[in-house]
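All remarks here apply to the structure that follows.
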Amino acid sequence: TQLLEQSPQFLSIQEGENLTVYCNSSSVFSSLQWYRQEPGEGPVLLVTVVTGGEVKKLKRLTFQFGDARKDSSLHITAAQPGDTGLYLCAGDGWYGGSQGNLIFGKGTKLSVKP
Amino acid sequence: DVKVTQSSRYLVKRTGEKVFLECVQDMDHENMFWYRQDPGLGLRLIYFSYDVKMKEKGDIPEGYSVSREKKERFSLILESASTNQTSMYLCASSWAGTGGYEQYFGPGTRLTVT
């Protein structure tokens, strides 16, 4: 069974601080995505990483895919209250030999205080 | 931009009622998914569909059924609602081609069963 473990589960920081969120698995994934979900809303796709070792930047957010494609990290520089939300990682998985489903981590709940 | 809409943002139903949750996507995506999201349990896949009139069970299909009569529409049915089905229900869609299988989510339906 493919699993994605996210850490930490909860993170509360002050505006301006840096933080890193981790997503780990013992399985290899073809690709991995990061989503952000605000309270009462659906998850919104932030980025997809496909190549081992790949680094992608989205303004103050830096995403990295591990060399072995088993793990990923999200680093936020100078966090702002608008970064508050639930961050989910997801990797493409298999159901009965069919590809197209995603395995989701349980998420990291980030709170950035002004 | 991909748009996934869900028929209701909030719904309150009584135990034993039949409940229909509708999801429509406008991007001609082949794949559609229904999840429920509960605190501490993350996103759990209920059913998914790779094509019209096609459905596959996810991790927690018990108590639910689905219908996909048209490519753009995927319905989730609770045959006889129970209090343990109180949850946030999220619909998603994705393209079936090769690549990252990114999923695009609707805003969610917060269902309360009393």
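Residue numbering restarts at 1 for every chain, and letters A, B, ... go by the order of the sequence lines. Keep in mind that this is a model prediction, so the values were computed, not measured.
- For chain B, no part of A/Glu38 is nearby; none of its heavy atoms comes within less than 4.5 Å.
- Using a 4.5 Å cut-off between heavy atoms, A/Leu32 does not touch chain B at all.
- Interface residue B/Tyr35: only side-chain heavy atoms are found under 4.5 Å from chain A.
- Distance check, rounded to the nearest 0.5 Å: SG of B/Cys23 to CD of B/Glu72 gives 10.5 Å.
- Most heavy-atom pairs under 4.5 Å with chain A, from the set B/Gln6, B/Arg9, B/Arg44: that is B/Arg9.
- The minimum heavy-atom distance linking B/Phe33 with B/Ser94 is given by the pair CE1-OG, 3.5 Å.
- Counting heavy-atom neighbours within 6.0 Å of B/Lys71 NZ, excluding the residue itself, gives a total above 12.
- The existence of a salt bridge linking B/Asp38 and B/Arg36 is confirmed by a sub-4.0 Å separation between a basic side-chain nitrogen and an acidic carboxylate oxygen.
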